[in-house]
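In what follows, chains are A, B, ... by sequence order, proteins preceding strands, each numbered from 1. Just so you know, these numbers use all the heavy atoms, side chains as well, and skip hydrogens, waters and symmetry mates.
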Amino acid sequence: MKEITPRSEDFSQWYLDVVLKAELADYGPVKGCMVIRPYGFRIWELMQADMDRRIKETGHVNAYFPLLIPRSFLEKEKDHVQGFSPECAWVTIGGGEELEEPLAIRPTSEAMICSMYAKWVNSWRDLPVLLNQWCNVLRWEKVTRPFLRTTEFLWQEGHTLHATEAEAEEETLKMLEVYRSFSEEMLAMPVLTGRKTESEKFAGALRTYAIEALMGDGKALQAGTSHNLGQHFATAYGIDFLDKDQQRAKPWSTSWGSSTRLIGGLIMTHGDDNGLVLPPRVAPYQVVIVPIPPRKGDWNEQVLPKAREVMAALKGAGIRVHLDDRDNQQTGFKYADWEMRGVPLRLELGPKDIEKDQCVLVRRDTREKSFVPLAGLPDAARDLLERLQAALLERARGFVKDNTTRVSTYAEFKEAMTGRRGFILAGWNGDPAIEARIKEETKATIRVIPLDGGAETPCVVTGQPGREVWFAQAY
RNA sequence: CGGGAUGUAGCGCAGCCUGGUAGCGCACCUGCUUGGGGUGCAGGUGGUCGUGGGUUCAAAUCCCGCCAUCCCGACCA
């Protein structure tokens with residue numbers, strides 16, 4: 001088995017090595033279209049199940065809309081089509097014949113869903129509409145990287161309609177908070193929340209909000225977005241309703257999405273030189289049992305029965321557990337193998353342990369070993385998994401803190417960007433030209449404006465009155 | 001889309017310059033060995049050399065086209 005490139009040596013290569021060697025994904029035959037392999041897909045399923053629960057708990061229901069969108073639908077919202085048409089893939093032939101109207105493979109579903117909403121919404125009683133869909137989307141990206149930027153990816157997209165601006169804004173912020181809590185609670189990935197600048201907002205949106213996470217190489221990853229679409233889409237797609245006072249009114253819409261990109265964030269937040277490190281809550285296997293063969297005799301008699309017993313006990317306690325009973329691999333190989341795959345806890349069980357009615361638990365993050373009596377094992381394992389989950393979040397928070405620099409001069413800003421990068425807190429006068437200049441000169445962009453607008457701080461470039469915002473180089 | 005590079009077994013590569021029966025390491029299969037941190041030995045399976053054309057008695061090798069991938073730029077709600 002080939003070694004994983006050290007993280008410090010080449011972060012990009014390290015990331016690719018982890019994705020491929022841990023068998024999360026593999027390249028497909030079409031550029032940018034990756035195969036999500038079973039181990040990677042299980043992570044997605046676990047994430048998806050929890051995110052789906054959160055979406056439903058906030059009052060939304062799931063539906064499914066078509067993959068193909070007529071060109072004329074997409075063209076109805078001007079900013080939207082400008083933003084997305086460069087990355088659209090088109091179906092022009094069907095059944096061997098040229099189509100009258102090309103069909104876009106959805107890059108996102110506002111156009112399709114809003115068109116249907118126009119048909120369905122007539123009265124104030126029909127509002128709010130709170131729909132979500134889980135699906136694939138296609139965006140023709142020029143540069144692709146597994147999970148982070150792929151031509152086709154899986155995501156959820158929520159699309160809602162509201163009677164008032166205040167309600168729409170509340171919804172937008174509510175879903176931003178769902179993404180924040182999900183990232184931190186499930187992925188142990190701390191994120192910034194805030195508003196995007198004009199240059200970074202969604203095509204056709206009034207306001208875009210995002211969560212931003214800091215990766216191990218000091219670059220920021222946009223991990224989820226929530227848009228207040230204003231009345232732009234209602235206007236473009238002709239959605240209106242009769243209000244209580246019998247006046248025709250246009251609803252306010254929102255959309256919000258999170259994707260398989262979160263898996264990339266997970267990898268780059270926690271992984272180390274030995275490979276993946278998975279937070280227990282999204283780990284396909286939370287515990288892997290590595291049975292140790294006896295020096296003499298048959299492990300089928302001396303070790304495996306006990307190992308199966310232990311596995312059953314852990315499973316009974318709701319822990320996802322795998323027994324590695326491969327007899328063609330050595331113990332040391334298995335240790336390295338499961339570490340690479342990021343399994344949070346390794347349980348070693350050998351003849352010596354069985355004699356003493358104990359086992360060895362080894363944490364993936366710290367490699368700390370503990371001897372645990374088999375009697376109370378499920379509780380001890382669950383407890384350790386919870387502590388590990390919390391420790392990962394704490395460590396990641398520490399990393400963000402250590403890699404956040406508050407600067408007051410542009411020289412300091414540039415210096416921070418040439419070093420370890422990370423988040424930079426600096427004043428900005430609100431001028432897009434300044435934002436563009438900073439990007440050109442340092443590669444840093446404004447990741448988010450704090451939700452409260454940011455503390456009053458002189459602009460780092462001009463010295464004019466400004467607000468403190470978060471900068472970083474983005475993925 | 002511009003600049004550079006690379007396509008040979010599942011993966012990583014050599015062979016190409018100087019044309020002459022396709023090789024190495026890992027992985028995989030068999031057997032033994034080993035086993036509490038990536039064992040060792042022996043045997044074995046697997047390749048129309050990215051693709052189309054050209055030159056030649058003969059092309060992985062030389063020439064031309066195309067395709068794909070990677071790196072750097074541009075692009076990327």
Side-chain angles (χ1 to χ4, degrees), chain A residues 1-5 10 12-13 16-17 20-21 23 26-34 77 79-88 107-111 137 139-145 148-151 153 155 157 195-210 222 224-229 232-233 255-259 261 274-275 289-299 302-303 324 326-340 346-356 358-362 367 369 371 439-440 443 445 474-475:
Chain A
M1 188 160 304
K2 204 190 144 197
E3 302 276 325
I4 292 171
T5 305
D10 183 344
S12 290
Q13 192 57 52
L16 285 175
D17 284 350
L20 296 173
K21 296 199 171 75
E23 297 180 343
D26 201 355
Y27 294 107
V30 178
K31 181 191 165 188
C33 296
M34 65 169 185
E77 215 289 336
D79 290 338
H80 192 59
V81 66
Q82 270 186 7
F84 280 106
S85 62
E87 26 184 332
C88 266
T108 177
S109 298
E110 276 79 3
V137 288
R139 297 180 186 181
W140 212 264
E141 300 284 358
K142 291 183 178 167
V143 178
T144 67
R145 299 183 75 190
L148 296 177
R149 174 167 284 112
T150 50
T151 303
F153 57 92
W155 75 346
E157 48 178 328
R195 186 162 58 83
K196 288 290 184 182
T197 61
E198 281 302 300
S199 68
E200 296 257 335
K201 82 176 186 191
F202 179 74
L206 182 65
R207 280 187 288 277
T208 287
Y209 299 91
Q222 179 172 300
T225 48
S226 186
H227 318 288
N228 184 336
L229 301 175
H232 302 166
F233 284 82
S255 71
W256 27 274
S258 65
S259 72
R261 182 181 241 204
N274 296 313
I289 302 174
V290 180
I292 314 295
R295 291 199 176 278
K296 289 175 187 172
D298 188 352
W299 76 338
Q302 297 182 36
V303 181
D324 187 354
R326 289 178 289 181
D327 61 1
N328 61 339
Q329 296 295 358
Q330 280 196 282
T331 305
F333 177 90
K334 290 180 182 179
Y335 290 174
D337 196 36
W338 291 112
E339 270 171 18
M340 182 191 65
R346 177 174 76 237
L347 190 156
E348 303 173 7
L349 183 73
K352 283 188 255 172
D353 302 309
I354 292 172
E355 262 175 46
K356 297 181 200 163
Q358 65 169 31
C359 66
V360 182
L361 286 181
V362 186
R367 289 197 178 192
K369 284 192 181 197
F371 296 88
K439 181 181 183 182
E440 193 175 327
K443 290 188 171 176
T445 51
Y475 258 94

So [X], base contact, sugar-phosphate only, or nothing? Heavy-atom distance under 4.0 Å.
X: A:Pro86; answer: nothing
X: A:Arg346; answer: base
X: A:Glu110; answer: nothing
X: A:Thr208; answer: nothing
X: A:Ala336; answer: base
X: A:Gly83; answer: nothing
X: A:Gln222; answer: base
X: A:Asp79; answer: nothing
X: A:Val360; answer: base
X: A:Lys352; answer: base

Could you give the distance separating [M] and [N] at their [atom1] atoms, to the nearest angstrom?
N: B:C17; M: B:G53; atom1: C1'; result: 24 Å
N: B:A60; M: B:G20; atom1: P; result: 9 Å
N: B:C24; M: B:G65; atom1: P; result: 35 Å
N: B:G23; M: B:G47; atom1: P; result: 13 Å
N: B:G40; M: B:C26; atom1: C1'; result: 16 Å
N: B:G25; M: B:C62; atom1: P; result: 26 Å
N: B:C1; M: B:A9; atom1: P; result: 28 Å
N: B:U6; M: B:G15; atom1: C1'; result: 16 Å

So, taking the atom named [atom1] in [X] and the one named [atom2] in [Y], what distance separates them when rounded to the nearest 0.5 Å?
X: A:Glu141; Y: A:Leu148; atom1: CD; atom2: CG; answer: 11.5 Å
X: A:Lys334; Y: A:Ile289; atom1: NZ; atom2: CD1; answer: 11.5 Å
X: A:Phe153; Y: A:Thr144; atom1: CZ; atom2: OG1; answer: 12.5 Å
X: A:Glu23; Y: A:Asp337; atom1: CD; atom2: CG; answer: 8.0 Å

Give the rounded distance in Å between these two atoms: [atom1] of [X] and [atom2] of [N].
X: A:Met340; N: B:G37; atom1: CE; atom2: C1'; value: 15 Å
X: A:Gln302; N: B:G35; atom1: CD; atom2: P; value: 14 Å
X: A:Lys21; N: B:C26; atom1: NZ; atom2: P; value: 16 Å
X: A:Arg261; N: B:C76; atom1: CZ; atom2: P; value: 14 Å
X: A:Glu141; N: B:C1; atom1: CD; atom2: P; value: 16 Å
X: A:Lys296; N: B:G36; atom1: NZ; atom2: P; value: 16 Å
X: A:Asp353; N: B:G35; atom1: CG; atom2: P; value: 17 Å
X: A:Gln13; N: B:G12; atom1: CD; atom2: C1'; value: 12 Å

Would you kindly compare A:Ile292 and A:Ser12 by the position of their nearest RNA chain B nucleotide and give the one closer to the 5′ end?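 Closer to the 5' end of RNA chain B: A:Ile292.
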
Need to verify one output field. Residue with the more 5' nearest nucleotide on RNA chain B, A:Glu200 or A:Gly32? A:Gly32

Given that both distances must come in under 3.5 Å, which nucleotide forms a Watson-Crick or G-U wobble pair with [N]?
N: B:G2; result: B:C72
N: B:C13; result: B:G23
N: B:G7; result: B:C67
N: B:C28; result: B:G44

Is the terminal nitrogen or CZ of A:Arg346 (NZ for Lys, CZ for Arg) located under 6.0 angstrom from the six-membered ring centre of A:Tyr335 and within 45° of that ring's axis?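 A:Arg346 over A:Tyr335 ring: yes.
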
Lys/Arg cation over aromatic A:Trp155: A:Arg139, 6.0 Å, 45° cone: yes

Exercise: identify the closest heavy-atom pair between A:Pro294 and A:Gln302: CB-OE1, 3.3 Å

Answer with yes or no whether A:Asp337 presents, from its side chain, a donor or acceptor under 3.5 Å of a partner atom in the base of B:G38. no

Donor-acceptor pair present, A:Gln329 side chain and B:G35 base, under 3.5 Å: no

With under 30° as parallel and over 60° as perpendicular, where do the rings of A:His80 and A:Phe202 fit, or are they tilted in between?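 Geometry flag for A:Phe202 against A:His80: tilted rings.
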
Looking at [options], which one has an atom nearest to any side-chain atom of [X]?
X: A:Gln330; options: B:C76, B:G37, B:G35; answer: B:G35
X: A:Lys443; options: B:C28, B:G37, B:G73; answer: B:G73
X: A:Pro293; options: B:G38, B:G36, B:G35; answer: B:G35
X: A:Arg295; options: B:C28, B:G35, B:A74; answer: B:G35

